[in-house]
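This report refers to the structure that appears directly beneath it.
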Amino acid sequence: MEKFALILILILSACGTTQQSTSGDLKTFTHEFEQNGLALKATIEVGKDIKVDAFITNTSKETIIYNERCGIPFGIWVKKEDASSYLVTDNTLEESCEDIFNPDDLREMKPNETFEKEITFKRKVRLTNERTVNALSGMYEMSFSFQPHDNERFLSSLPLELMNDKEPEIMAVDQAKEMAKKNKEVMKWFDEHEKENISIESEDAILSEGMWTVAFHAIHKDRVDRIIINMNAKSGNIKDIHYEKLGKDILEFLE
């Protein structure tokens with residue numbers, strides 16, 4: 001059986017708390033957070049899988065309107081810290097729902113009303129639509145959200161460190177970026193910008209269709225140059241390289 005260790009970094013703030021207890025191989029965390037008239041309380045059990053039982057309550061004195069087209073908009077996900085790579089679940093209903101606005105889908109969440117959500121995450125990430133692989137070791141972020149129809153979204157996150165003692169099936173994000181930088185075409189792009197003392201920053205990688213997509217951007221006075229490299233997630237072989245020149249107003253979306 002694969003052995004994993006999961007360490008939760010405690011978060012203590014004025015509006016949220018996270019606590020941990022351990023019993024044998026099972027670790028249990030409780031996470032509480034309040035924001036925008038909503039209060040979250042979640043219990044997270046970490047064993048072979050990661051099981052979450054979460055409650056969100058309307059603690060305001062006002063009725064909250066929400067859109068139920070794709071189910072109650074109470075979302076929970078676990079994402080790799082430096083990549084668009086998510087732990088998988090067996091719940092594909094929410095992923096396949098087409099979010100089209102219809103006034104008939106609006107519902108009311110009364111004061112003191114509570115919604116519950118249970119979800120189990122596998123220690124896997126999706127490599128392609130048909131295949132998953134073991135999650136890489138490293139930092140992850142578990143997030144909870146609730147989206148009212150006409151108000152600011154509730155959002156709470158906590159960091160997780162996931163360790164896997166098996167040989168990884170795909171390259172780690174840092175490995176993919178370093179391998180991309182060794183490509184002659186990529187090296188030329190870096191050299192051209194570094195000679196001009198242009199700041200170069202790395203972006204979150206994307207795992208999709210068996211590939212790592214890694215990107216870097218160079219910030220000029222009047223524009224942003226980007227280089228995007230698609231590479232095999234296992235071998236590191238580069239499939240293609242793309243270039244973009246963008247206005248500086250795009251920076252907020254790249255950070």
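Since this is a predicted model, take the numbers as computed values, not measurements. Hydrogens, waters and symmetry mates are skipped; everything else that's a heavy atom, side chains included, is used.
No donor-acceptor pair closer than 3.5 Å links the side chain of D191 to the backbone N or O of K195. The closest donor-acceptor contact from the side chain of N36 to the backbone of L38 lies at 3.5 Å or more, if one exists at all. D204 places no side-chain N or O within donor-acceptor distance of the main-chain N or O of S84, the cut-off being under 3.5 Å. Within the 3.5 Å criterion, the main-chain N or O of G37 finds a donor-acceptor partner in the side chain of T59.
With ring centers used as reference points, F190 lies under 6.0 Å from F216. Taking the centre of each ring, Y66 and F115 come in below the 6.0 Å mark.
By the 4.5 Å heavy-atom criterion applied to side chains, H242 and I227 are not counted as neighbours. Between Q35 and S156, every side-chain heavy-atom pair lies at or beyond the 4.5 Å cut-off. Considering only heavy atoms from C-beta on, N230 stays 4.5 Å or farther from I238 through its side chain. Residues I229 and N183 fail the side-chain proximity criterion, which asks for heavy atoms closer than 4.5 Å. Side chains of T63 and M109 form no contact here, defined as non-hydrogen atoms less than 4.5 Å apart. The shortest side-chain heavy-atom distance between F55 and K117 does not fall under the 4.5 Å cut-off. Taking the side chain as every heavy atom from C-beta outward, V133 and V125 approach each other to under 4.5 Å. You'll find the side chain of M179 reaches within 4.5 Å of the side chain of M171, heavy atoms only.
Ion pairing between K51 and D53 fails under the 4.0 Å rule for side-chain N and carboxylate O. The residues E108 and K110 are annotated as salt-bridged, a charged nitrogen and a carboxylate oxygen being separated by less than 4.0 angstrom. The pair E178-K181 meets the salt-bridge criterion, since a charged nitrogen lies less than 4.0 angstrom from a carboxylate oxygen.
If you check the side chains of K177 and S202, you find a donor sitting under 3.5 Å from an acceptor. Side-chain N/O atoms of H217 and D225 include no donor and acceptor closer than 3.5 Å. Under 3.5 Å, the side chains of N237 and N232 contain no donor-acceptor pair of N or O atoms.
For the pairing with N134, the side chain to side chain donor-acceptor pair (under 3.5 Å) check across R123, E167, K124 returns one residue only, K124.
Here the closest heavy-atom approach between residue R153 and residue P148 is recorded as CA-CD, 4.1 Å. Closest of all the heavy-atom pairs between R69 and N67 is N-OD1, 2.9 Å. For the residue pair E185 and Y243, the shortest heavy atom distance occurs at OE2-OH, 2.6 Å. Between A215 and I228 the shortest heavy-atom distance is CB-CG1, 4.1 Å. The nearest pair of heavy atoms linking I200 to A218 is CG1-CB, 4.1 Å. Nearest heavy atom pair, residue G47 against residue L26, reads N-CD1, 4.1 Å.
Considering OG1 of T120 and CG of L87, their distance stands at 12.0 Å, rounded to 0.5 Å. In this structure, OG1 on T114 lies 9.5 Å from CD1 on I56, to the nearest 0.5 angstrom. How far CD1 of I44 is from CZ of F29: 7.5 Å, rounded to the nearest 0.5 Å. Separation of atoms CD1 (I76) and CD1 (I119) is listed at 6.0 Å; rounding is to 0.5 Å. Atom CG of D105 and atom CD of E68 lie 8.0 Å apart (nearest 0.5 Å). Put simply, CD on E116 and CZ on F74 are 9.0 Å apart, with the number rounded to the nearest 0.5 Å.
The number of heavy atoms from other shown groups lying within 6.0 Å of NZ (K79) is above 12. Summarising the local packing, CD of E192 is surrounded by more than 12 heavy atoms from other residues, nucleotides or ligands at distances under 6.0 Å.
The salt bridge (Lys or Arg N to Asp or Glu O under 4.0 Å) search around D49 returns K122, not counting sequence neighbours. Partners of D82 under the salt bridge (Lys or Arg N to Asp or Glu O under 4.0 Å) rule, at least two apart in sequence or in another chain, are K80.
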Output, in order, the C-alpha distance, side-chain angles, deciding distance and verdict of side chain to side chain contact (heavy atoms under 4.5 Å, CB included) for L106 and F101. CA-CA 9 Å; L106 297 182; F101 177 71; 4.0 Å; yes
Audit row: N112, N58, side chain to side chain contact (heavy atoms under 4.5 Å, CB included) steps and yes/no: CA-CA 5 Å; N112 299 317; N58 180 359; over 6 Å; no
Would V52 and F121 satisfy side chain to side chain contact (heavy atoms under 4.5 Å, CB included), going step by step from the backbone distance to the final call? CA-CA 8 Å; V52 183; F121 294 95; 4.0 Å; yes
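Residues I206 and I170 do not share a hydrophobic cluster, clusters being chains of Ile/Leu/Val/Met/Phe/Trp/Tyr side chains in contact below 4.5 Å. By the criterion of side-chain heavy atoms lying less than 4.5 angstrom apart, applied directly or through intervening Ile, Leu, Val, Met, Phe, Trp or Tyr residues, W189 is grouped together with I241 in one hydrophobic cluster. A chain of hydrophobic side-chain contacts below 4.5 Å, direct or via other Ile, Leu, Val, Met, Phe, Trp or Tyr residues, connects L155 to Y86. Neither M211 nor V173 shares a network with the other; the hydrophobic side chains, linked directly or stepwise wherever heavy atoms of I, L, V, M, F, W or Y lie under 4.5 Å apart, form separate groups for each. Tracing side-chain contacts under 4.5 Å through hydrophobic residues (I, L, V, M, F, W, Y), one never reaches V88 starting from W77; they form parts of separate clusters.
Ring orientation note: the planes of H31 and F144 are close to parallel, at an angle under 30° on the 30°/60° scale.
Judged as a salt bridge (Lys or Arg N to Asp or Glu O under 4.0 Å), the pairs with a partner in residues 128-151 (not counting sequence neighbours) are, in order, R131-E169.
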